[in-house]
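Just so it is clear: chains get the letters A, B, ... in the order the sequence lines come, proteins before strands, and each one is counted from 1.
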Number of protein chains: 2
Amino acid sequence: MTRVLVVDDEPQIVRALRINLTARGHEVATALTGTEALRVAASFRPEVVILDLGLPDLDGTAVIEGLRGWTTVPIIVLSARTDSGDKVAALDAGADDYVTKPFGMDELLARLRAAVRRASAAAPGEEAVVETAAFTVDLAAKKVLREGAEVHLTPTEWGILELLVRNRGKLVGQKQLLQEVWGPAYASETHYLRVYLAQLRRKLEPRPSRPRHLVTEAGMGYRFEV
Amino acid sequence: MTRVLVVDDEPQIVRALRINLTARGHEVATALTGTEALRVAASFRPEVVILDLGLPDLDGTAVIEGLRGWTTVPIIVLSARTDSGDKVAALDAGADDYVTKPFGMDELLARLRAAVRRASAAAPGEEAVVETAAFTVDLAAKKVLREGAEVHLTPTEWGILELLVRNRGKLVGQKQLLQEVWGPAYASETHYLRVYLAQLRRKLEPRPSRPRHLVTEAGMGYRFEV
DNA sequence: GATCGGCGTCAGGATCTCGTCAAGGCACCG
DNA sequence: CGGTGCCTTGACGAGATCCTGACGCCGATC
């Protein structure tokens, strides 16, 4: 139902959370250190992060900032410290909620529900179908139609197209595209974009060499025009 | 800075919150009962609500639901009850956060900041469009329209225009322009500015030699006039 | 009236960026 | 174990953008 990333260095807590979360139908990934957390977050794309502050390698706020550099995913902080200074620091670093150990599992789950509800409410319930002169994109069904026939897209192609269509009309920077589709470590692999944009155009544009919908803004990024 | 509605039946708590919040530049409205809270919320349009659960007239979840019927404003619940059932009920009713009394003022303020930050990040619906007699600048989409047609700008041109438009009406020093667009090492390459301002005027101004919107302040810098 | 500094204008060549094709590597699946 | 689809990487021409120098204009100053 929801992808949750659990970050804690105590295996029994990780285990307890994993059991409770999977029992409620969530998909769970785990990390035992801060660096692992950042790495896993990039590939797993969690919809919410549960983060313990007492990690062995990195400071808690460092992990929060590392995530906030490229994502707005809700972060619920766990900590044994009841000191209010820690709470303030974590919340101001970008955390969404702060729960002190020991915590009630039902309370944590309620806070998690609240965080997910907020995040999904924030994503505006826009039209799931966008139509251009040449093709049709169904964001909900993850399908593209061209002249009635379905066009097959690879996961990467779809990731790019989806991001552009969701920001239709707006310019999307190449950095943003790379970070959101490939992950934060790929922010400067601009060559990937050129290759995949060419592929998308070949599949979707009537005149791939003269694109009318997938437009390049040299030096800045790309734009989807209806 | 931010409009806050404080709802509590204990006058000393209301008073303490009002003092702390106004000291930080927030605008505060208060209510002592649930019905009053709902009424005041409708007229005051708070950007965040701090709500005590132990109100004399209405049940706490009833107030939350009454608010959630028409607004998504962040609600931070205060309560003397530490029972986790109450927390779950309040959070699932639509509250955003739950703080148990007695609470630290700095923690509450940090949670308030977190809630406001989230809400403002979630609502990017602001019009970032600036219109002049001759052309229109859309800061979010990075687009410029002139007589209905889109004008293509290079990254450098856009960087200058964006900086000037964001400081519209104000004088922007040439040093600042150069440093923010080209980088700190280029603070004295004033020739660049002359070239690019001329290009911008040629693309945007009806009479490039008589600029009305991209104005030069000799010896100092440039100014964008609407 | 001459001089000087700041500004606007223009255009060509250097430099960066983009599109395109194709080949290699890797995982997955039958 | 071979095949297939997908992602990565390299090379190169085409195109867009940027830098640079030359020149003329204007107002201020001497």
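To the nearest angstrom, P of C:dT9 lies 11 Å from CZ of B:R210. Separating the CD atom of A:Q199 from the P atom of C:dG19 is a distance of 13 Å, rounded to the nearest angstrom. Spacing between atom CG of B:L197 and atom P of C:dG6 amounts to 17 Å, rounded to whole angstrom units. Rounded to whole Å, atom P of D:dC7 lies 7 Å from atom CD of A:E157. Separating the CD1 atom of B:I160 from the C1' atom of D:dC19 is a distance of 13 Å, rounded to the nearest angstrom. Between the P atom of C:dT9 and the CG atom of B:L214 lies a distance of 12 Å, rounded to the nearest Å. Atom pair B:K203:NZ and C:dT9:C1' shows a separation of 15 Å (rounding to whole Å applied). Atom CG of B:L200 is separated from atom C1' of D:dC18 by 14 Å (rounded to the nearest Å).
Here the side chains of A:V144 and A:L153 are in contact, with some heavy-atom distance below 4.5 Å. The closest side-chain heavy-atom distance from B:H191 to B:V195 is below 4.5 Å.
Look at B:T216 and you'll find a side-chain N or O under 4.0 angstrom from OP1 or OP2 of C:dG8. For C:dT9, neither phosphate oxygen OP1 nor OP2 lies less than 4.0 angstrom from any side-chain nitrogen or oxygen of B:R202.
Listed by residue number, B:W182, B:H191, B:Y192 are the residues of residues 171-194 of chain B with a heavy-atom contact under 4.0 Å to DNA chain D.
Distance alone, capped at 3.5 Å, places no donor-acceptor pair between the A:E189 side chain and the A:Y186 backbone. The backbone N or O of A:R81 sits less than 3.5 Å from a side-chain atom of A:S79, completing a donor-acceptor pair.
Side-chain rings of B:W158 and B:Y196 stay apart, their centers remaining 6.0 Å or farther from each other.
Here A:K87 does not pair with B:D97 in a salt bridge; the nearest charged N to carboxylate O distance is not below 4.0 Å. Note on B:K203 versus B:E157: salt bridge recorded, some NZ/NE/NH1/NH2 to OD/OE distance being below 4.0 Å. Taking the charged nitrogens against the carboxylate oxygens, A:E217 and A:R223 do have a contact shorter than 4.0 Å, which makes a salt bridge.
Of the N and O atoms on the side chains of B:T216 and B:R201, at least one donor lies less than 3.5 Å from an acceptor on the other residue.
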Under 3.5 Å, which N/O atoms of the protein pair with N/O atoms of nucleotides 13-17 of chain D?
unit_1	atom_1	unit_2	atom_2	d
D:dT17	OP1	B:H152	NE2	2.7

